[in-house]
Amino acid sequence: MHPPAPELLDWYDRHRRSLPWRGEGDPYRIWLSEVMLQQTTVAAVGPRYARFLARFPDVEALAAAPWEAVAAEWAGLGYYARARNLHAAAQAVAARGGFPETEAGLRALPGIGAYTSAAVAAIAFGRPTVPVDGNVERVTARLFDIRDPLPAARPRLAQLARGFMEQPVARARPGDFAQALFDLGATICTPRRPACALCPWRGHCAAQAAGVQDSLPVKAPKPVRGLRHGMHFLLRDGSGRLLLRHRPPQGLLGGMPEIPGTPWREGAAWSEAEALAHAPLAAEWRLLPGVARHGFTHLELEMRLLTALLPEGAPVPEGFFWLGEAEARGALPTAMGRLLALAAPGGEGPVPQVPPTPAGTGLLAGEAPAMAPRATPARGRPRGAPGSGPPKRRTKP
DNA sequence: AAATCGGGGCA
DNA sequence: TGCCCAGATTT
């Protein structure tokens, strides 16, 4: 039996969070917020949402923008396929003259799946549907004391959640009802130590009745993340600009600018000599101290940095571009920014110049480094293989 | 069904 | 540190 919708909606009317995207119901703004909030906390989205809207005020502006502008605006938010799909969907919406107003129509746009189509349909267009996100899954698992582990239990939880729309009071306010579930999950029915005493549905919760609310939902254990190593090449020209390239459009950090480097391989760290074969051009590369660490969802990365100045009269290699350092800091994904920080521990200024030793190695120039991070060979390698590593000083996150 | 795809916030 | 987050897409 589902708990009564009026009790949740009354609570929502009194306690709902004031959030930037809870405004007049502009579908563009609601869609943007939903995409930005995919696997991303409200706290992280807050400032970025306003900034994005200021730069792309409506779907036509976003559709007309070049990819580089969208990528720079999304930099640091992660899951860059969202930005690519957002851009493509904006162009589709602009071309057809507006957003589809049904769940199925929205679902056909790139980057809009089961959750986002339901959320936009309910919040922007008042369709009677229940978007099922992590909050709703948790609330539902507790209300009905579902002990099957996620993600296997997902279809069952989604079906239970949809059952709320059988109540006419919920059907009358689908957008508010959805957001009430979000707020309940975010502020009361939290992952740890839920505040059941404050819950508008206390007395209707099977998990609380059984005293197991703290341990639901059950989640399947996560696989261990493998460790990979990379060596990157920071080249500055006479005016201090940096040599960058774009990553391949698919895959890790797809379509984003990067500091050129070796592939990210499992096993041993790159030696300097070994890595030089991947240099964008021949120069007097110097290995900087320090290791930049960055964790992705399914792998962990340790990168080191070689730096050089553009040799006098050297041709700029194909497939690269120059960007000022300040602009690069804003446009690079976080992993690359962390790498860049190795070159400027103080945060500003060029690399402290050391008189070049004549040890610089002549190197093959120009070889087009179409580097894509190898799509997962075997894993399960023992963690933390004792690298043939230099000093393990790492940058602070 | 399982893998891939980021990074910030917070105990 | 590990866990979580207004998930989607590909394999």
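In the text below, chain A, chain B and the rest are named by the order of the sequence lines, each starting its count at 1.
In this structure a side-chain-to-backbone donor-acceptor pair under 3.5 Å is present from A:H232 to A:I259.
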Dot-bracket for DNA chain B, please, read 5' to 3', with Watson-Crick or G-U wobble pairs under 3.5 Å on both distances, ( ) within the strand, [ ] crossing, | other strand, . unpaired.
|||||.|||||
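For the OP1/OP2 pair of C:dG7 and a distance below 4.0 Å, the side-chain nitrogens and oxygens of A:Q38 include no atom meeting the criterion. Put simply, A:K219 has a side-chain N or O that comes within less than 4.0 Å of OP1 or OP2 on C:dC5. Proximity of A:H298 to the phosphate of B:dC5: a side-chain N or O atom is located under 4.0 Å from OP1 or OP2. Not one side-chain nitrogen or oxygen of A:S33 sits closer than 4.0 Å to the OP1 or OP2 atom of C:dA6. Distances shown here put a side-chain N or O of A:Y80 below 4.0 Å from the OP1 or OP2 atom of B:dG7.
The listed nucleotides are B:dC5, B:dG7, C:dT9; the one nearest the side chain of A:N85 is C:dT9.
One N or O donor and one acceptor, one from the side chain of A:R17 and one from the base of C:dA6, sit under 3.5 Å apart. A donor-acceptor contact under 3.5 Å is not formed by the side chain of A:Y115 with the base of C:dG7.
Checked against a 6.0 Å centroid threshold, the rings of A:W201 and A:F164 count as neighbours.
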So which protein N/O to nucleotides 8-11 of chain B N/O distances come out below 3.5 Å?
| residue | atom | partner | partner atom | Å |
| --- | --- | --- | --- | --- |
| B:dG8 | OP1 | A:T334 | OG1 | 3.0 |

